[in-house]
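This report concerns only the one structure given below.
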Amino acid sequence: MRRKIVAGNWKMNLDYQQGISLFSEIINMVKDEVRGNQHVVVCSPFIHLHAISQLAKGHPRVSTGAQNCYAEAAGAYTGEISAAQVTSTGATYVILGHSERRTYFGEDGYLLSKKVDLALKSGLSPIFCVGETLEERESDQYFDVIRQQLDAGVFHLSNEAFKNIILAYEPVWAIGTGLTASPQQAQEVHAFIRNEIAAHYNQEVADSTSVLYGGSCNPGNAPDLFSQADIDGGLIGGASLKSRDFVEIVKVYNA
């Protein structure tokens with residue numbers, strides 16, 4: 001049975017005290033209100049990681065993650081953070097391949113594959129993002145784009161290594177725009193991704209891989225999105241900065 005996961009991506013928001021306050025609210029609300037088997041991951045800026053990872057100890061439903069790591073294990077890379085350094089904070093997840101990293105920082109499939117390898121070697125579970133631009137969707141290239149992103153970034157992994165990957169479909173045209181893929185559009189792509197996994201590995205691996213939806217997901221549209229057969233949760237941006245909104249999304253999976 002695939003894990004249901006709701007992950008928050010705070011992006012470059014919140015100072016240190018604001019982050020600790022928000023995470024404390026989330027922890028307490030999850031403890032009091034979440035009743036299903038869903039798992040919560042909060043991916044914060046690096047400055048918060050150690051502190052919130054300490055707060056998460058003893059809370060089996062809640063984990064922490066970074067929003068990025070570098071493609072080398074160590075060295076003279078001023079300003080970068082290695083996967084091993086992320087692990088040392090107590091975090092257990094890392095977002096890789098987010099469209100903002102691909103667009104603003106020119107990250108390509110080769111670089112991302114190196115990051116994936118180092119993250120796995122350091123004991124992190126990558127949340128690997130794929131998704132198309134509006135132009136690619138309107139020209140019906142989105143399946144080809146997503147296939148290429150999977151091939152370049154994660155499909156070099158062995159069956160066993162791939163079982164530690166979480167995928168996130170984030171249509172670029174729906175990130176921070178207020179636009180959201182319809183449940184049918186999202187399901188179509190999620191089913192395609194699962195079929196690609198089955199073709200590259202096998203059906204067992206495909207059936208056990210969690211695939212999340214990201215792109216202006218909020219408490220209002222989460223129930224319809226999460227009801228789709230191949231959508232296993234969400235990678236939440238703006239709504240993860242409000243504890244009530246975020247936990248309401250998590251509670252969609254309450255039994």
Side-chain angles (χ1 to χ4, degrees), residues 3 5 7-20 22-23 39-59 62-131 148-168 170 200-201 209-210 212 214 235 237 240:
R3 286 194 304 161
I5 299 169
N9 177 12
W10 289 357
K11 305 191 180 183
M12 196 178 72
N13 292 293
L14 307 176
D15 66 23
Y16 181 78
Q17 293 299 335
Q18 289 170 334
I20 302 308
L22 175 58
F23 190 78
H39 195 72
V40 177
V41 181
V42 173
C43 296
S44 76
F46 294 122
I47 64 165
H48 305 105
L49 268 184
H50 180 260
I52 67 172
S53 296
Q54 293 301 305
L55 290 173
K57 282 186 175 180
H59 293 268
V62 183
S63 299
T64 60
Q67 298 171 21
N68 185 38
C69 66
Y70 194 52
E72 299 291 342
Y77 304 103
T78 300
E80 294 296 333
I81 303 291
S82 73
Q85 288 172 324
V86 171
T87 303
S88 74
T89 69
T92 50
Y93 291 82
V94 61
I95 299 172
L96 296 174
H98 193 282
S99 66
E100 290 161 356
R101 297 295 311 180
R102 294 177 189 265
T103 300
Y104 303 150
F105 302 99
E107 296 191 358
D108 60 14
Y110 173 72
L111 180 74
L112 291 170
S113 69
K114 292 180 66 178
K115 289 188 176 191
V116 166
D117 291 346
L118 283 170
L120 291 170
K121 185 177 180 180
S122 298
L124 297 172
S125 294
I127 301 173
F128 189 81
C129 302
V130 297
Q148 188 277 330
Q149 291 171 341
L150 292 169
D151 285 344
V154 292
F155 277 177
H156 65 287
L157 297 171
S158 68
N159 283 34
E160 285 304 309
F162 188 83
K163 290 178 181 179
N164 296 297
I165 298 291
I166 298 157
L167 295 175
E170 290 204 312
H200 192 83
Y201 296 103
T209 300
S210 295
L212 315 182
L235 179 56
S240 72

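Hydrogens, waters and symmetry mates are skipped; everything else that's a heavy atom, side chains included, is used. Because the structure is a prediction, the values reported are computed rather than measured.
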What heavy-atom pair brings [X] and [Y] nearest, and what distance separates the two atoms?
{"X": "Leu49", "Y": "Gly65", "answer": "CD2-O, 3.3 Å"}
{"X": "Gly97", "Y": "Leu112", "answer": "N-CD2, 3.5 Å"}
{"X": "Trp10", "Y": "Gly19", "answer": "CH2-O, 3.3 Å"}
{"X": "Pro45", "Y": "Lys11", "answer": "CG-O, 3.2 Å"}

Are [X] and [Y] side-chain neighbours, meaning at least one heavy-atom pair lies under 4.5 Å?
{"X": "Ile127", "Y": "Leu96", "result": "no"}
{"X": "Tyr70", "Y": "Leu118", "result": "no"}
{"X": "Ile165", "Y": "Val116", "result": "yes"}
{"X": "Val130", "Y": "Phe128", "result": "yes"}
{"X": "Ile81", "Y": "Asn68", "result": "no"}
{"X": "Gln149", "Y": "Asp151", "result": "no"}
{"X": "Leu14", "Y": "His48", "result": "yes"}
{"X": "Phe23", "Y": "Ser44", "result": "no"}

Just do the side-chain contact (heavy atoms from CB on, under 4.5 Å) check on Leu212 and Leu167 with the steps written out, would you?
CA-CA 6 Å; Leu212 315 182; Leu167 295 175; over 6 Å; no
Backbone N or O of [Y] within a donor-acceptor pair of the [X] side chain at under 3.5 Å?
{"X": "Lys114", "Y": "Glu72", "result": "no"}
{"X": "Ser240", "Y": "Gly237", "result": "yes"}
{"X": "Ser82", "Y": "Ala74", "result": "no"}
{"X": "Tyr201", "Y": "Leu157", "result": "yes"}
{"X": "Gln18", "Y": "Asp15", "result": "yes"}
{"X": "Thr89", "Y": "Ala91", "result": "yes"}
{"X": "His200", "Y": "Phe155", "result": "yes"}
{"X": "Gln67", "Y": "Cys43", "result": "yes"}

Hey, what do you get for [atom1] ([X]) to [atom2] ([Y]), rounding to the nearest 0.5 Å?
{"X": "Ile47", "Y": "Met12", "atom1": "CD1", "atom2": "CE", "value": "11.0 Å"}
{"X": "Ile5", "Y": "Ser210", "atom1": "CD1", "atom2": "OG", "value": "4.0 Å"}
{"X": "Glu170", "Y": "Ile95", "atom1": "CD", "atom2": "CD1", "value": "7.5 Å"}
{"X": "His50", "Y": "Gln85", "atom1": "NE2", "atom2": "CD", "value": "13.5 Å"}
{"X": "Phe105", "Y": "His98", "atom1": "CZ", "atom2": "NE2", "value": "11.5 Å"}

Just checking, any donor-acceptor pair under 3.5 angstrom between side chains of Ser53 and Thr64?
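Looking only at side-chain atoms, Thr64 and Ser53 do form a donor-acceptor pair, the distance falling under 3.5 Å.
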Kindly indicate, with the supporting measurements, whether the criterion side chain to side chain donor-acceptor pair (under 3.5 Å) is fulfilled by His156 and Asp117.
CA-CA 10 Å; His156 65 287; Asp117 291 346; 2.7 Å; yes
Checking side-chain contact (heavy atoms from CB on, under 4.5 Å) against Thr87, which of Thr92, Val94, Leu124 comes through?
Leu124
Run the salt-bridge test on Glu107 and Arg101 with the 4.0 Å N-O cut-off and return the result as yes or no.
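Result for this pair is yes, salt bridge flagged.
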Step by step, would you call Val41 with Leu235 a side-chain contact (heavy atoms from CB on, under 4.5 Å)?
CA-CA 9 Å; Val41 181; Leu235 179 56; over 6 Å; no
Walk me through whether Val86 and Tyr93 qualify under side-chain contact (heavy atoms from CB on, under 4.5 Å).
CA-CA 9 Å; Val86 171; Tyr93 291 82; over 6 Å; no
